[in-house]
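Order of appearance sets the numbers: ligands from 1, and atoms from 1 within every ligand.
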Amino acid sequence: MEIQVMKNILGENDKIADENIKLFAEKKVFVLNLMGSPGAGKTSLLEKTIAKLKDKIKIAVIEGDLFTDKDAARVEKYGVEVVQINTVGGCHLDAAMVAKVAAKLDLDALDLLIVENVGNLVCPAEFRVGEDERAVVLSITEGDDKPLKYPLIFKESAVALLNKIDLLKFCNFDLESAKSDITALNPTVKIIECSCTQEKGLDEWRDYLYKVVKEKTEA
Ligand code: MG
Ligand code: ZN
């Protein structure tokens, strides 16, 4: 019974996600679904990304958060449009929530829409929102066992960012084993080691994102 309910929910979500994909294709807006645990550094990565790319491409952000607007307030300071979705305890964003926000945005004026999902390694991966690509942020402090424990999110992401790489020397994190686990789950994934506080690996990430956005907006 429960399995059937979940199937119906995901089926309904997929329908709306497909409509979102159509709309974003028409408007030539690249949509990035940014996922990861609470505290992995999603918002810090967003700040670093927007600071450098906002003069080259037009960016808007959807901030998914359980209760607060703390992340939205941080991102807003960079002068891009930010729309807050409070899930009021809901542990992921879904396609209908993103559709509702997309209807209010000036999509014609946008190149990149970044969706910062609710901090959670589990169900955000189950709910497509109509994104072009997903990226997962895993911080060194979370432990190298996480890819195998939460495989779906790593399987479905185009990029896996190993954040807080500057803390490697303080943590029991086996970098090679984490990277080989991620690659085993997803042979085509791009793995980027980065640190938002030490400005490491961020150009590789920004260059990649800029390239995929341009491929869609100039197609
Ligand atoms: Mg955040
Ligand atoms: Zn959830």
Side-chain angles (χ1 to χ4, degrees), residues 2-17 20 31-54 59-101 112-131 133-142 146 149-157 159-164 167 192 194-197 202 205-206 209:
E2 249 170 53
I3 290 167
Q4 192 54 45
V5 170
M6 194 60 185
K7 256 190 196 159
N8 289 343
I9 290 170
L10 287 175
E12 191 51 44
N13 184 71
D14 269 342
K15 267 189 234 158
I16 303 169
N20 289 351
V31 180
L32 175 77
N33 187 354
L34 186 63
M35 304 180 295
S37 302
K42 296 182 297 301
T43 312
S44 296
L45 183 75
L46 256 182
E47 291 177 295
K48 294 290 177 185
T49 305
I50 293 165
K52 282 276 170 79
L53 290 184
K54 67 172 182 166
I59 306 172
V61 176
I62 295 177
E63 277 294 345
D65 194 293
L66 293 166
F67 300 105
T68 75
D69 65 355
K70 286 180 185 296
D71 289 354
R74 280 171 63 185
V75 173
E76 225 159 35
K77 289 186 185 143
Y78 291 82
V80 296
E81 184 169 7
V82 182
V83 183
Q84 173 74 42
I85 299 176
N86 278 129
T87 58
V88 203
C91 45
H92 59 269
L93 294 180
D94 65 26
M97 297 174 193
V98 170
K100 217 170 160 189
V101 174
L112 170 61
L113 176 61
I114 304 177
V115 179
E116 182 182 339
N117 219 308
V118 178
N120 179 345
L121 280 179
V122 187
C123 44
E126 312 233 19
F127 288 81
R128 295 164 54 227
V129 299
E131 65 271 52
E133 285 192 4
R134 294 170 159 192
V136 59
V137 183
L138 174 71
S139 67
I140 296 306
T141 51
E142 289 172 72
K146 296 305 173 290
K149 289 178 87 167
Y150 302 94
L152 184 64
I153 203 162
F154 291 91
K155 274 184 194 166
E156 301 236 325
S157 292
V159 183
L161 295 124
L162 299 178
N163 191 29
K164 309 188 190 179
L167 298 182
I192 298 177
C194 64
S195 163
C196 292
T197 54
L202 297 174
W205 158 248
R206 288 181 292 232
L209 186 59

Between [X] and [Y], is there a donor-acceptor pair closer than 3.5 Å when you use the side chain of the first and the backbone of the second?
| X | Y | value |
| --- | --- | --- |
| Asn13 | Arg128 | yes |
| Lys42 | Asn117 | no |
| Arg206 | Lys48 | yes |
| Asp69 | Ala72 | no |
| Lys54 | Tyr78 | yes |
| Asn120 | Cys91 | yes |
| Arg74 | Glu47 | no |

Handout entry: Polar protein atoms near the Zn ion (ligand 2) [N, O or S; cut-off under 2.8 Å]
Key = Cys91 SG, His92 ND1, Cys123 SG
Handout entry: Separation of Glu156 CD from Glu126 CD (nearest 0.5 Å)
Key = 9.0 Å
Problem - Passing candidate, side-chain contact (heavy atoms from CB on, under 4.5 Å) with Leu121, options Met35, Glu142, Lys149 - result: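 Between Leu121 and the candidates, side-chain contact (heavy atoms from CB on, under 4.5 Å) is satisfied uniquely by Glu142.
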Problem - Residue-atom pairs from the protein, N, O or S only, that lie under 2.8 Å from the Mg ion (ligand 1) - result: Thr43 OG1, Asp71 OD2, Glu116 OE2
